[in-house]
Structure formats: C-alpha cells, structure tokens
Amino acid sequence: MKNKKLALARRGLTGKKCNFQWNFCSPVHILSISAVLLRNKSLALVQDGNKQCNEGSEQCDITTQKNEKGARAYPCGMYLAESSIPNSGIGLYAGVPYSKGEKIASRDIAIPVIDRIFHHDGPDADDLDFDERKLDWILIDYFWQAASCMPANFETYTDTVDCVVPSLGMAANSHQGLKNSAFTYPKVGSAGLSRYLDPGAGAITNYHVEFSTDKALEAGSEIFVDYGENWFTEREEELGFAPLENDFTWGDKMLKKIQKSGVFDLKTQSADIDEYYKLLKDIVFSLDKKKANSLPAEVSDFDHAAEKGSAASSTPNYIRSIEWLEEHGTCVDTVDERLSTVPGAGWGAFLKRPVKKGEVIIVSPLIHFPFDDVMKMYEEVYSDGKEKPGIDGTTADFYSGRETHSTRTKGEKIASKQLLINYLFGNPKSSMLFFPYVGSIGLINHGSEGKVNVQVQWPSEHSAPNGPGIKYHKQSWLDLTVDQLSDESKGNRGLMMEIVAMRDIEVDEEIFLDYGPAWQKAWDDHVKDWKPLTNDEKYVPSSSLNMSLEKVRTADELLKNPYPGSNIATACFLNIGNAGNLKEIKDEDDDDWDDEDDPPKRIFEWFHPNSASAKNLLESENLHPCTVIDRNITNGKEFFSAIVVTNPNHPPNEEREDHEEFLDDVANSRVQLEVRNIPRAGIRFVDKAFSGDIHLPGTFRFPIAIPDGIFPDKW
C-alpha cells in the first residue's frame, strides 16, 4: 500500500485537480494527495515541523478579538474555568492582556518531594497494600522535573527530586500547538529564616516560580504551558495520539497546499466530498496518527482550519470573553506573596483587592491522598558501619559524599515526613489529606487568636451557581468512606475548596487561617523542644553567595581558603547533550591512557560569552555540578576551567546517537569532561546534596486542619 501511494505520486498525479462540475472525483486523486503527505512526511515535512511560527503571522496571532467589556474595579489577572480543550476539566485563563515576556499573575511556591521511590516502599508496605496507595499514582501527572525548579534538583545526589508547582504548574493545561507560557528562572530564598535562630527553618519551601508569556496574550486567552512532548507520548493509551508541535506545523502547511489545489472546495457541493475527505484522513492516519489528528475532523471545517491554523481550529474556544469568565469562572489572582507580618512565619498571602464578609476569596480544586502514609520518610541505614556522610568544607565538589550515600538502605523508623505535608489539609481523626493547588492557598499562614480573618468551606448553594466551585465539586464524595474514595477516585479530582472572608478585609492586608488546635499543639511542642544547631559545619545559603557574587575559588585554593559555608558547591552551565557544537581541544597528556581508575579526558572550550549560544545556555536544565580547577584572566575578566559531571544514575541508552553516547559516558563517569574559558556568569553556587534546611533533623511537619464541623464523619 505504501509503495503504491508513492508510485502514484511519481506518476505526476499530484498536480491534477478533481472535476467537481460533474460531481465526480476519482479516489486515485485522493490517493495521490496522500502520496504528497507521505512524501512530505518522510522528507520536507519533518523539516517544516522544526520551523517556528513567525511572530505576527496569521496563525500565530491570538489578539484579534479583544474584549474590554466586563472590566473590574480591580482587574483579575487570571481566572479558573472550564478548559477549552474537550474533556480536560478545568484550566486557567488570562484576565487581562499580557505582552510577550510579561509575568502572569502572582508568583507561587514550588515544593520539592524528596526520594519518593526510596521512601514509599516502607517496611509496612504489605500491611498497607502500599502498591495501591503510592504518591506515584496521585501526583504523577502533576510532577515537574526538578530542573524546572532548579536548584531543587541539587537537593539529592541523583535525579530523585520531584517538583510540585501549584497554580499554573498544575491547573494550566498544555496544548502543543498553542503553547503560550513557560517557567521563568526560579527564585530561591528562605524568607529570612535561619537554622541558627528560627524554629520554622526547614518548614517552608525556599523555591518560588513565576510563569511568563511566550507571546502576547489577549484577555480571555486560555493559558497553555509546555508539559514536554514526552508527557503526551507516554500517555497515548489514555489520551490517544495527540498532535505535537511539529504535527500542527505540518498540518498548517498541508491545509494551505490542499486548499490551494481546490480538491475540497465546498462550493462545488459534491455529494462525495465527505467520503473522500474521510478516506484522506484514514490514509494519513495509517501513516502517522498524530499528523492525521492535526487535520480538522470534518471537511466542513477545512477552510476555517486553513485560515486560522490547525491548532486554533482544534480548540476553537481557547479565547473566552471576560463576560463568560465572570459567569462561568472565578478569579484566582487574589493574593500576593510577601514577607509575613508574623515574625518567623516566612512568606504570607496579602489581598490584592478589598473583600466583604462572606465573600469567597479563592476557589481551588483538591488533590486528595486517602492515606497519609505516603508522606512518611524513613531513616537511612548505611552498610559496613558507615555513618551518614558529613559535609567537607574544603571541597566544592557536589558529589564528595556520594560513594558512602550509595550504600544506604531504608530502616524501619520514620525519620521525618515530606515537606509537602505542611501545605496539605487534613484532620487529626483521619488518614485523608488534601492539597489545594490553585490561588496560592499555601501562602496563608496560621493566625493566632484575634488574627484569623478567613476560613475554609466546601462549595454550597451560596457559591457562584455557574462557577467551577459548583461544577467540579462532587458532593457525593463527602459521603464515601476512605476506602471507597481510594477505590473509586484514583488519580481523579472531585473536590473543591473555598477560602471565604470572615470579616471585611482591606487591600494589602494579610489573611490568616486557623490551622486548628492539633496543629497549634504540635507547633508549641516543636518550639519548646527546638534547639539551634551547634555543630561545626557552618551553613550559608548558596543563594546569598549568588546574590553577592562571591569570588569563585579553585580546588587548590579551597584547601587554604574555604567558602563561608561548608555546604557550598559549584555548578556550571553547559548543554552536555550538545557538546558537539563546542570546540574540542586535544589533550596531549592523555594519548596512552589505559587505567580503569582514571577515565579518559575530553576537553572543550566554552562558547564565547557574548554569543547567542552562551546566553541560551544560562537555563536551569543546563546547570551541572562542576569542580573549578583553574582560572585565567583575559582583558581584566576572570575565566575558569572546570571538571563538569552530571547525574551518575543516568540510564545508558542502548540505541544511542553520538551525542547521547557521550552524555551516557559523562553521566556514568566513563569520560572526564573538562571545560575551559567559562566566564563568571557561567558558574553558580548551589547547596550540596542533603545540606538544605528541609533536610535538617527535627524540622516541623504537620498538616493544616479542616474543621470538625465540615469534615465528613465517614472520613
């Protein structure tokens, strides 16, 4: 069949047009068009798919239907409402116009989940039927790679950190043809908390992320983030063959070509045109399912898709009116993150607009955890009597304690709980936990007596009748048992939570929840028992050294003049997978290498600091641990040589291209990679593995309470 179609194309049939004047179109001509598609698929179309949509072109322009009606006294930067992608649940929408590169709404926290695979196969797994209750199946669709929250990926020695990013990182959908927003470089800061002074050190996340636009957004546009192509390809059984970015680009070009040919001109009113279009779709589907799905479903949509673009026509309602969002959505850009007015509390949530008593401030969907065991973290036991590796302040080698750490096994004692639990809601009488992931609820602090001004509630008849709080809240779930909820609802959302004002609250006022008496007792006990660290391993946040541009030291210099904190390691920006674009330098001393204990060395020169390639390197995913071994000064500026390493557990790829083979070799220490002439901007300080505040013994961990009065008895 495939060869037959190619033969038809070679016979020159692709240039002929169907004669609809006689209500006839030969299937041979349909096959010939498919041959064009096949030939382009194997040749030009792949190349076309790599081209980017030109800014301002017709198919890229999403600012053609501006609607300034329904303006608020305090405009809403972001709405939560039903997604324009069919069967995708809720999504997020721009409430105001955003220019390209502009920050969307307010920033939110990012929470690292540490070593979940190591900890979630605990000694009580058999009793708990743990395979059915892992954090895995609950959050697997929401985790971001830790590199997205860099330097969260440096919390451990290996790639065992997952990043939970509320709001845009969890509620925004992804459309590979309409992507319009992305992570900006994460902010890192402890909100002034010190492990030497504050009992709350390690109880809050230090990571904060913002999203910014990739293109100008009209008010009402649904916000689409890039989940990455793997997210879709790994879920084809569940999602079907969703077109990727290249497929939509291919679809746009094919629509234009076929439209120009006149084959599917509806003005001819051919009785067979629907049948022939279906045949075309079936043929393309047999060749490439994703590309076939980039084409419109019906021939009647063909001209509209050719005009607006295949991606836009696949999701025609991705720009909503503000009136529609006001009626069917809810504003979730209601608070700002600032330093709390409560000493030692870290960050807080401050209102961006005034609210009246009884007014709903935030509506959020909930991720539910039927069993709180998934938050447990177990003690680490080291073989041969080895102790947990300490921190050596005379080296900035991130992996200096890796060898001992690799011998660890899980003990039976529970040593701590995941930091995520501090952002979850529950009840002391239940194993159920809930994570509200929209509207920056995680920033709302506990209020002492007299400070509490908001409370939680389930959506009710007083909620917006057409809003997401009512539409996506399954009231029947409140009548299920924990086991029933676990069996029925794996991985699904079904509950919504509202934050409502208990009194009139002014703009810029901090809002406070009552976390409950159990939380208060746990905190009071923690403060009573807490003692500041007194060990000899001085800790200095790496973020503070990056802000102060601390002088970079070589390995030899560190022996005499260590960094201010023993926790400090260095990391270098380098795209190892693209090392072939770097200039390689011959290592004259390595010709006769044959010692297995001393891997061969390859030497590359960093990009020219002012080049576009160098600027593109300064992204979180390109940051790797490195040991600085030398410096030189050129024209008054410092440049460094460093040994760069990457994740030692990077799995070897049996079917590898050249650059993948090199990446595998570096990752598994089969090649020593030296990079020279790295500018100061290409080096960053990071905390060594397991040295951050969240890893401290005895850090506070306790969920927020849902009041007994609204917590279901069956839970």
Treating S174 as the side-chain partner and V225 as the backbone partner, does any N or O pair qualify as donor plus acceptor under 3.5 Å? yes
Taking S364 for its side chain and Y437 for its backbone only, find out whether a donor-acceptor pair lies under 3.5 Å. yes
Side-chain donor-acceptor pair under 3.5 Å between H328 and E82, yes or no? no
Between H446 and W519, what is the ring plane arrangement, given parallel below 30°, perpendicular above 60°, and tilted in between? tilted
Pair H175, S314: side-chain N/O donor-acceptor within cut-off below 3.5 Å: yes
Identify the heavy atoms of I111 and I109 that sit nearest to each other, and give their distance. CD1-CD1, 3.9 Å
Looking only at heavy atoms, what is the nearest atom pair of L197 and W530, with distance? C-CH2, 3.5 Å
Could you pull out all residues at least two apart from K352 that satisfy side chain to side chain donor-acceptor pair (under 3.5 Å)? S106, D333
Is there a donor-acceptor contact under 3.5 Å from the side chain of N453 to the main chain of F512? yes
At their closest point, which heavy atom of A81 faces which heavy atom of L325, and how far apart are they? CB-CD2, 4.0 Å
Donor-acceptor pair, distance only, cut-off 3.5 Å: does the side chain of S430 make one with the backbone of W715? yes
Under 3.5 Å, is there a donor-acceptor pair linking the side chains of H208 and W347? yes
Are side-chain heavy atoms of T205 and I694 found at a separation under 4.5 Å? no
Between I704 and V456, is any pair of side-chain heavy atoms under 4.5 Å apart? no
Any donor and acceptor pair, going by atom type alone, linking the side chain of E222 with main-chain N or O of S84 inside 3.5 Å? yes
S543: side chain to side chain donor-acceptor pair (under 3.5 Å) partners, not counting sequence neighbours: none
Hey, what's the ring geometry for F224 with Y318, parallel, tilted or perpendicular (30° and 60° as the breaks)? tilted
T213 (side chain) donor-acceptor with S99 (main chain) under 3.5 angstrom: yes
For the residue pair P541 and V188, establish whether any side-chain heavy-atom pair is separated by less than 4.5 Å. no
Could you check R353 against E359 for salt bridge (Lys or Arg N to Asp or Glu O under 4.0 Å), going step by step and ending with a plain yes or no? CA-CA 12 Å; R353 60 179 177 85; E359 185 175 347; 2.8 Å; yes
May I ask you to check whether over 12 heavy atoms, not counting those of K357, lie within 6.0 Å of atom NZ? no
Which pair of heavy atoms, one from T330 and one from P468, lies closest together, and at what distance? CG2-CG, 3.6 Å
Sorted by chain and number, sequence neighbours left out, salt bridge (Lys or Arg N to Asp or Glu O under 4.0 Å) with D372 holds for none
Give the intermediate values and the outcome of side-chain contact (heavy atoms from CB on, under 4.5 Å) for residues I706 and M432. CA-CA 11 Å; I706 296 176; M432 291 284 291; over 6 Å; no
is_close_aromatic(F702, Y515), centroid dist under 6.0 Å: no
Which pairs, with at least one residue in residues 513-522 and sequence neighbours excluded, count as a salt bridge (Lys or Arg N to Asp or Glu O under 4.0 Å)? K521-D525
If the condition is side chain to side chain contact (heavy atoms under 4.5 Å, CB included), which residues does F350 pass it with, not counting sequence neighbours? R338, T341, E510
Under 3.5 Å donor-acceptor, N445 side chain and A349 backbone: no
When every non-hydrogen atom of P199 is compared with those of V527, the smallest separation belongs to CB-CG2, 4.2 Å
Distance in Å, L366 CG paired with M496 CE, rounded so as to fall on 0.5 Å steps: 7.5 Å
H119 side chain to Y378 main-chain N or O, any donor-acceptor pair under 3.5 Å? yes
Inter-residue atom distance I441.CD1 - F434.CZ, 0.5 Å rounding: 13.5 Å
Any donor-acceptor N/O pair, Y79 side chain to G220 backbone, under 3.5 Å: no
Please report whether the ring centroid of F700 lies less than 6.0 Å from that of W523. yes
Between F183 and F211, does the ring centre distance come in under 6.0 Å? yes
Do side-chain atoms of D198 reach the backbone of G344 as a donor and acceptor pair under 3.5 angstrom? no
For residues V482 and S431, report the shortest heavy-atom separation together with the two atoms involved. CG1-OG, 3.9 Å
Any side-chain donor-acceptor pair under 3.5 Å between N173 and S88? no
I'd like to know whether CG of D713 has more than 12 heavy-atom contacts from other residues, nucleotides or ligands below 6.0 angstrom. no
List in chain and number order the residues that pass side chain to side chain donor-acceptor pair (under 3.5 Å) with S440, two or more places apart in sequence or in another chain; answer none if no residue qualifies. D108
Rounded to the nearest 0.5 Å, how far does OG1 of T699 lie from CG of N422? 8.0 Å
Going by the angle between their ring planes, with limits at 30° and 60°, are W144 and Y227 parallel, tilted or perpendicular? perpendicular
